[in-house]
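First up is the structure itself, then whatever we jot down about it.
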Amino acid sequence: MSSTICETKHPAFFALIDGNNFFVSCERVFNPSLNNKPVVVLSHNDGCAIARSNEAKQLGIPMGAPLHTFSHLIKPHCIAILSSNFELYTDLSRRMMCILKTCAPDIEIYSIDEAFLTLSYLSATEHNVFATRIYDTILKHIGIPTTIGIAPTKTLAKIANRQAKHLSKIHLILNTENLINQTLRTTNVGDVWGVGKALTHTLRCLGVYTSYDLAQKKPMWARQHLSIMGERLVRELQSIPCIPRHINKQQKSIQITRSLRRNVTTFNELSQLLSAHATRLGEKLRQAKLTTSEITIFCQTNRFSKTPHYKGEGSFTFTEPTNDTQTLIKGTMHALIHAFLDGHSYHSTGIHALNLTDEGMLKQKALFPSQLSQNQTARKKCIPHINSAIDTLNKRLGKNTIFWASSGIQNDTHKPAHSRSPRYTTNWHELAIVR
DNA sequence: TCTGGGGTCCTAGGACCC
DNA sequence: TCTGGGGTCCTAGGACCC
């Protein structure tokens with residue numbers, strides 16, 4: 001798609017493009033038999049619904065619903081239940097964003113299925129054609145249907161996008177005061193981006209029910225009653241952009257958490273699970289070229305169980321920032337000693353890496369370097385190569401081709417019950433076969 | 001039986017300093 | 001009896017997002 005970038009700046013408009021029911025749409029790209037059928041994609045461990053087709057939404061299956069709360073609908077309505085396939089979704093997302101990058105010079109990827117484009121180089125009369133072309137291009141090249149909302153601020157673009165979906169339209173452009181007000185009047189304040197349950201309650205107590213009501217408030221009123229977030233919201237609803245662009249912001253934390261298919265009670269089992277988490281953390285850090293200097297881990301019992309809830313936490317600070325798997329595992333084990341309490345039945349575990357810094361910083365000498373023997377120094381130099389070799393092998397030959405013995409040989413705590421679709425676009429062994 | 005995972009931002013309040 | 005005050009920094013936890 002070629003769009004001329006004009007020298008003359010038009011008043012800024014924002015476009016929000018998102019993939020409809022993204023994970024379901026990704027599944028349908030390679031499995032057309034899922035079209036026009038209720039489809040639900042489940043979270044890790046098949047716990048609850050994280051994506052639903054429109055047909056599944058019409059059956060009343062809410063976002064985040066635990067599988068057992070709608071399992072009675074599966075057979076009578078022939079609902080297709082799929083385990084999540086994040087490798088496929090991430091790859092199709094990357095492809096979708098690549099197309100968007102060719103559509104506009106200024107793109108801000110907001111999530112796996114959403115991106116904002118700044119349209120300051122287009123005149124208002126061009127928005128309609130622009131949105132239609134984006135929709136057509138992504139559908140043709142990726143196979144994902146999208147919805148596009150265009151408005152003077154990001155918050156209004158979100159509202160436009162939401163309203164377009166309600167009206168079963170491909171796009172909605174809010175470019176006049178009348179249109180904006182009309183849309184705000186029919187949008188509950190709780191449906192505004194940034195307004196959650198707590199804020200909805202507060203706003204209702206203050207007599208604010210629709211987003212139009214909120215847009216009528218003075219920014220100072222919002223600051224007094226709702227803090228700086230509220231003021232920002234009011235201004236955005238009044239067509240004054242004030243959500244800053246996030247440019248190349250470095251990631252601040254990485255976490256890996258999992259709930260388990262069966263509870264575990266022993267230190268040994270927990271240590272194996274957390275060792276696997278630490279291994280995954282190492283992979284993620286190295287992939288992002290980051291290091292961490294502090295980790296916290298937790299192990300907790302089932303929040304929904306009637307028995308008293310226990311959450312054990314422990315942390316570990318490294319003498320110097322690291323992304324070495326073995327070092328991360330050692331730190332994790334130290335932290336677990338603090339967190340583990342015998343006598344509990346643990347249901348979920350996690351590791352959280354903080355104080356992330358650029359990998360390049362590793363090259364800086366520590367202020368008080370530890371005295372290492374010649375052997376230790378030689379080993380230290382080998383560490384990045386060992387990690388890199390393991391990462392390459394696991395990437396090429398499959399996850400866990402090589403793994404640390406501390407993670408245990410058999411692990412039946414994560415296995416999903418439903419089937420994951422093939423990784424059509426990222427794994428040679430799982431390519432689609434044309435007959 | 002069965003209730004996700006990975007992030008960011010903001011604020012209140014404690015610790016600490018002078 | 002009356003036990004400073006103003007500032008900064010850090011952190012835990014809440015709220016929110018997809």
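We name chains A, B, ... by the order of the sequence lines, and we start the count at 1 in each one.
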Please table the atom pairs, donor to acceptor, closer than 3.5 Å between any side-chain atom in residues 69-77 of chain A and protein atoms at least two apart or in another chain.
| residue | atom | partner | partner atom | Å |
| --- | --- | --- | --- | --- |
| A:Thr69 | OG1 | A:Pro66 | O | 2.6 |
| A:Ser71 | OG | A:His68 | O | 3.3 |

What is the distance from [atom1] of [X] to [atom2] of [N], rounded to the nearest Å?
X: A:Leu233; N: B:dC9; atom1: CG; atom2: P; result: 16 Å
X: A:Phe70; N: B:dC2; atom1: CZ; atom2: P; result: 16 Å
X: A:His225; N: B:dT11; atom1: NE2; atom2: C1'; result: 18 Å
X: A:Leu260; N: B:dG4; atom1: CG; atom2: P; result: 11 Å
X: A:Arg261; N: B:dT1; atom1: CZ; atom2: P; result: 15 Å
X: A:Ile109; N: B:dG7; atom1: CD1; atom2: C1'; result: 15 Å
X: A:Leu42; N: B:dG5; atom1: CG; atom2: C1'; result: 14 Å
X: A:Asp113; N: C:dC17; atom1: CG; atom2: C1'; result: 11 Å

Just checking A:Ile112: base, sugar-phosphate only, or nothing, at a heavy-atom cut-off of under 4.0 Å?
-> nothing
Could you check whether A:Val41 gets within reach of a base, just the sugar-phosphate, or nothing at all, counting any heavy atom under 4.0 Å?
-> nothing
Does a side-chain N or O of [X] approach OP1 or OP2 of [N] to a distance below 4.0 Å, or not?
X: A:Arg303; N: B:dG4; result: yes
X: A:Ser227; N: B:dT11; result: yes
X: A:Ser84; N: B:dG4; result: no
X: A:Arg258; N: B:dG6; result: yes
X: A:Lys306; N: B:dT3; result: no
X: A:Gln251; N: B:dG7; result: yes
X: A:Arg232; N: B:dC10; result: yes
X: A:His352; N: B:dG7; result: no
X: A:Ser259; N: B:dG5; result: yes
X: A:Ser253; N: B:dT8; result: yes

Could you list the residues that satisfy ring pair (Phe, Tyr, Trp, His ring centres under 6.0 Å) with A:Trp193, not counting sequence neighbours?
-> A:Tyr110, A:Phe116
Contacts of type ring pair (Phe, Tyr, Trp, His ring centres under 6.0 Å), residue A:His309, not counting sequence neighbours | none
Hey, would you say the A:Phe304 and A:His347 ring centroids sit under 6.0 Å apart?
-> no
What's the closest nucleotide to the side chain of [X] if the choices are [options]?
X: A:Met229; options: B:dC10, C:dC16, C:dC18; answer: B:dC10
X: A:Tyr110; options: B:dG7, B:dG4, C:dC17; answer: C:dC17
X: A:Phe304; options: C:dC18, C:dC16, B:dT3; answer: B:dT3
X: A:Ile228; options: B:dT11, C:dC18, B:dG7; answer: B:dT11
X: A:His68; options: B:dC2, B:dG7, C:dC16; answer: B:dC2
X: A:Lys197; options: B:dT3, B:dG4, C:dC16; answer: C:dC16

Do you see a donor-acceptor pair shorter than 3.5 Å between the side chains of [X] and [Y]?
X: A:Thr266; Y: A:Asn268; value: no
X: A:Gln272; Y: A:Ser407; value: no
X: A:Ser421; Y: A:Glu27; value: yes
X: A:Ser305; Y: A:Thr307; value: yes
X: A:Asn128; Y: A:His171; value: yes
X: A:Thr426; Y: A:Asp91; value: no

Report the residue (A:Ala49 or A:Lys252) whose heavy-atom-nearest nucleotide on DNA chain B is the more 5′ of the two.
-> A:Ala49
Who passes side-chain hydrogen bond (donor to acceptor under 3.5 Å, both in side chains) against A:Asn21, sequence neighbours left out?
-> A:Asn54, A:Lys57
Between N or O atoms, less than 3.5 Å apart, protein on one side and nucleotides 12-15 of chain B on the other: list the pairs.
none

Hey, can you tell me if A:Phe86 and A:Phe23 have their rings parallel, tilted or perpendicular (30° and 60° cut-offs)?
-> perpendicular
Secondary-structure string, 5' to 3', Watson-Crick or G-U under 3.5 Å, | for another-strand partners, for DNA chain C = ....||||||||||||||
Taking atom C1' in both C:dG4 and B:dC16, what distance in whole Å separates the two?
-> 15 Å
